[in-house]
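Here is the structure we will look at.
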Amino acid sequence: MNVNDFWSNALWSLTPTVLVGLIFWFVLRSILKADQRERDAYAREEVRERARRRKACEAVSEPKQEPQS
């Protein structure tokens, strides 16, 4: 067995592990990015909803002032 066979065998032995690792990394990265986007969207919706409720609450709690003559 010569040196070229050794390195060729080493490369072929590591290739499946590296490919599976890259696929795992890509899938996990995609999942985490999707989760972050979902959290950002939920936070934006939460801010909108809180502002809408605050505005509605202020409109109800403000007494109506009648014009004075």
Side-chain angles (χ1 to χ4, degrees):
M1 179 153 120
N2 63 22
V3 175
N4 288 337
D5 289 339
F6 172 78
W7 288 112
S8 177
N9 287 336
L11 181 64
W12 283 109
S13 297
L14 293 175
T15 300
T17 303
V18 170
L19 289 176
V20 168
L22 287 173
I23 291 170
F24 176 75
W25 173 79
F26 181 74
V27 168
L28 197 58
R29 179 176 162 254
S30 299
I31 290 170
L32 291 175
K33 281 190 171 193
D35 180 58
Q36 186 61 46
R37 284 191 302 267
E38 184 69 25
R39 288 175 187 258
D40 291 343
Y42 183 79
R44 283 192 305 272
E45 188 60 34
E46 182 85 16
V47 167
R48 269 192 230 122
E49 187 64 24
R50 286 179 187 264
R52 184 183 69 80
R53 287 185 179 205
R54 188 178 316 115
K55 190 174 183 179
C57 184
E58 288 172 356
V60 169
S61 64
E62 289 179 2
K64 293 183 180 178
Q65 295 180 1
E66 296 182 20
Q68 297 180 2
S69 317

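When reading the values below, keep in mind they use all heavy atoms of this one structure, side chains included, and skip hydrogens, waters and symmetry mates. All figures in this text were calculated on a predicted structure; none of them were measured in a lab.
The closest side-chain heavy-atom distance from Arg52 to Arg48 is not below 4.5 Å.
Taken to the nearest 0.5 Å, the CG atom of Leu11 stands 11.5 Å off from the CZ atom of Phe6. For the atom pair CD (Gln36) and CD1 (Ile31), the distance works out to 14.5 Å, reported to the nearest 0.5 Å. Atoms CG and CG, from Asn9 and Asn4 in turn, are 11.0 Å apart once rounded to the nearest 0.5 Å. Note: Asp40 CG to Glu38 CD = 9.5 Å, rounded to the nearest 0.5 Å. Put simply, OG on Ser13 and CH2 on Trp7 are 11.5 Å apart, with the number rounded to the nearest 0.5 Å. Distance OH/Tyr42 to CD/Glu49: 10.0 Å, rounded to 0.5 Å.
Classification of Arg54 and Glu58 as a salt-bridged pair fails, no side-chain N sitting under 4.0 Å from a carboxylate O. Using a 4.0 Å cut-off between charged nitrogen and carboxylate oxygen, Asp35 and Arg39 count as a salt-bridge pair.
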